Amino acid sequence: MEGEAVSLPALSRVAVCGGTHGNELSGVYLVRERLKTERAAGGRGEDGDDGDRLTSVLTVMSNPRAVQQCRRYTETDLNRCFTHASLSCPVTDTTPYEIVRSQELNSLLGPKGSAQAVDLVCDLHNTTANMGLCLIAYSDSDWICLHIFKYLQRHMSDVPVRYIHFDLPAKEAYSLESVGKHGFAIEIGPQPHGVVRSNTYTMMSVGVQHMLDWVRLFNSGTAFEGGPVEVYTMVKNVDYPRDAETRNIAAAIHPQLQDRDFCLLHPNDPLFQTFSGDTLRYQGSEPLYPFFINECAYYEKGIALSLARRKCVAVPSVRMQAGLERRAEATSEEEEEEEEDCRQGTPT
């Protein structure tokens, strides 16, 4: 992409998190291996030599109680506990463990939305759906996340790598990666929950290493060329057909749709097959891309699949801010804060 590169601050603090869902075992075992390596190195969370601007990589087991029990969660889904409301609610003796844990993680990695938050959060997940490797983020204009996505696509050409955008305001962003200044989940499947497969684990490990390699290159001054990328923006969730009285599901994903994540679903295409053998067809008004098809953990959430629109996003070239740019930006921010204080009558 032509034009001057966008200059962005260095990513000096990165968090790699796993076990947010305690039965998604690729992330659990990857975090365990990283923590074991850090202990062997004397507890250092650094990644790279002293010449790197990447100063620290924090490895976090997000939900240790759920990991111990090999369950998605113990009381409530931790990966839905990072909204502004959940992070600011008072804690009592009856507060669910995952709400308490989300506030602990917010203190460790955030606070969310603050200048003190870590620069990048990468949260590791598995899905039972046939989705390959996906980056899931709350922005389709976060150039850091999109460039990391481009880098993974280029260096992992043997697997499908896609970018999913959940279009939510920051206060409503509900998952762990939203705590960082930049953040995304790496979602890899298919893999059964409570199972670890070596090929899936390796895919995740390689993806995390490429992410850290990109950060190290960026922090060392490498400029990255922009260009177009495909982004899947989530439009809606679709529930299973249900019995009107019992609310039990009345159909399963149609065999022609099962395992065909990101294959375009057209109006009137087979969508469900009832347990008596009838075909129910997609009644939407436009073709959309299905993903999280028949995800095991979403039965309780009333989601049979999600649907997305695909679009092309023009990503600019990026480079790390030089020292003079950072100082000028800091000075500008200080001046803006002083002006705001004056307007509000606050002594400086």
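Here, residue 1 is the first one in the sequence, and each next residue gets the next number. Below, all heavy atoms of this structure are taken into account, side chains as well, without hydrogens, waters or symmetry copies. All figures in this text were calculated on a predicted structure; none of them were measured in a lab.
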Test side chain to side chain contact (heavy atoms under 4.5 Å, CB included) applied to Asp123 and Ser178, Cys17, Ser175, the passing residue: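 Running side chain to side chain contact (heavy atoms under 4.5 Å, CB included) over Ser178, Cys17, Ser175 with Asp123 returns exactly one hit, Cys17.
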The single option from Asn219, Asp119, Leu120 passing side chain to side chain contact (heavy atoms under 4.5 Å, CB included) against Ser12: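 Only one of Asn219, Asp119, Leu120 forms a side chain to side chain contact (heavy atoms under 4.5 Å, CB included) with Ser12, namely Asp119.
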[X] (side chain) donor-acceptor with [Y] (main chain) under 3.5 angstrom:
{"X": "Gln209", "Y": "Asp213", "value": "no"}
{"X": "Glu295", "Y": "Ala297", "value": "yes"}
{"X": "Arg13", "Y": "Gln116", "value": "yes"}
{"X": "Ser157", "Y": "Gln153", "value": "no"}
{"X": "Asp261", "Y": "Ile293", "value": "yes"}
{"X": "Gln103", "Y": "Phe82", "value": "no"}
{"X": "Lys150", "Y": "Val229", "value": "no"}
{"X": "Asp239", "Y": "Ala304", "value": "no"}
{"X": "Thr37", "Y": "Glu33", "value": "yes"}
{"X": "Ser102", "Y": "Ile99", "value": "yes"}

Aromatic plane relationship, Tyr232 with Tyr289 - under 30° parallel, 30 to 60° tilted, over 60° perpendicular: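 The arrangement is perpendicular - the two ring planes meet at more than 60°.
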With sequence neighbours left out, what residues match [X] under side chain to side chain contact (heavy atoms under 4.5 Å, CB included)?
{"X": "Lys301", "answer": "Arg72, Asp77, Arg80, Tyr298, Ile303"}
{"X": "Ser88", "answer": "His84"}
{"X": "Val31", "answer": "Leu35, Thr59, Met61"}

Derivation of the side chain to side chain contact (heavy atoms under 4.5 Å, CB included) call for Phe166 and Tyr174: CA-CA 10 Å; Phe166 285 179; Tyr174 50 74; 3.5 Å; yes
Mind listing the closest non-hydrogen atom pair of [X] and [Y] along with its distance?
{"X": "Pro290", "Y": "Leu305", "answer": "CB-CD1, 3.5 Å"}
{"X": "Ser139", "Y": "Asp142", "answer": "OG-N, 3.1 Å"}
{"X": "Arg281", "Y": "Asn268", "answer": "NH1-O, 2.9 Å"}
{"X": "Lys181", "Y": "Ala115", "answer": "NZ-O, 2.9 Å"}
{"X": "Cys81", "Y": "Leu87", "answer": "O-CD2, 3.8 Å"}
{"X": "Ser317", "Y": "Gly226", "answer": "OG-N, 3.0 Å"}

Test log, rule side chain to side chain contact (heavy atoms under 4.5 Å, CB included), inputs Phe149 and Phe184: CA-CA 10 Å; Phe149 164 63; Phe184 53 83; over 6 Å; no
Leu265/Leu257 under side chain to side chain contact (heavy atoms under 4.5 Å, CB included): CA gap, chis, key distance, verdict: CA-CA 8 Å; Leu265 182 68; Leu257 179 60; 4.3 Å; yes
Assess the side chains of [X] and [Y]: does a donor N or O sit below 3.5 Å from an acceptor N or O?
{"X": "Thr128", "Y": "His193", "answer": "no"}
{"X": "Asn126", "Y": "Ser26", "answer": "yes"}
{"X": "His125", "Y": "Glu24", "answer": "yes"}

Leu124 side, atom CG; Glu177 side, atom CD - distance, nearest 0.5 Å: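 The CD atom of Glu177 is 10.5 Å from CG of Leu124, to the nearest 0.5 Å.
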Glu230 side, atom CD; Arg310 side, atom CZ - distance, nearest 0.5 Å: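 One gets 4.0 Å once the value is rounded to the nearest 0.5 Å.
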His155/Tyr151 aromatic ring centres below 6.0 Å: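 Ring-ring flag for His155/Tyr151: true, centres closer than 6.0 Å.
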Atom CD of Glu75 with >12 non-hydrogen neighbours under 6.0 angstrom: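 Yes, the 6.0 Å shell around CD holds more than 12 heavy atoms from other groups.
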Heavy-atom neighbours of Arg260 CZ exceed 12 at 6.0 Å: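 12 or below, so no.
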Close side-chain approach of Val318 to Ile144, heavy-atom, < 4.5 Å: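 No, too far: nothing below the 4.5 Å cut-off.
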Worked check of side chain to side chain contact (heavy atoms under 4.5 Å, CB included) between Asn294 and Tyr240: CA-CA 10 Å; Asn294 205 14; Tyr240 294 92; 2.7 Å; yes
Check against salt bridge (Lys or Arg N to Asp or Glu O under 4.0 Å), Glu98 and Arg101: CA-CA 5 Å; Glu98 276 82 7; Arg101 183 60 178 156; over 6 Å; no
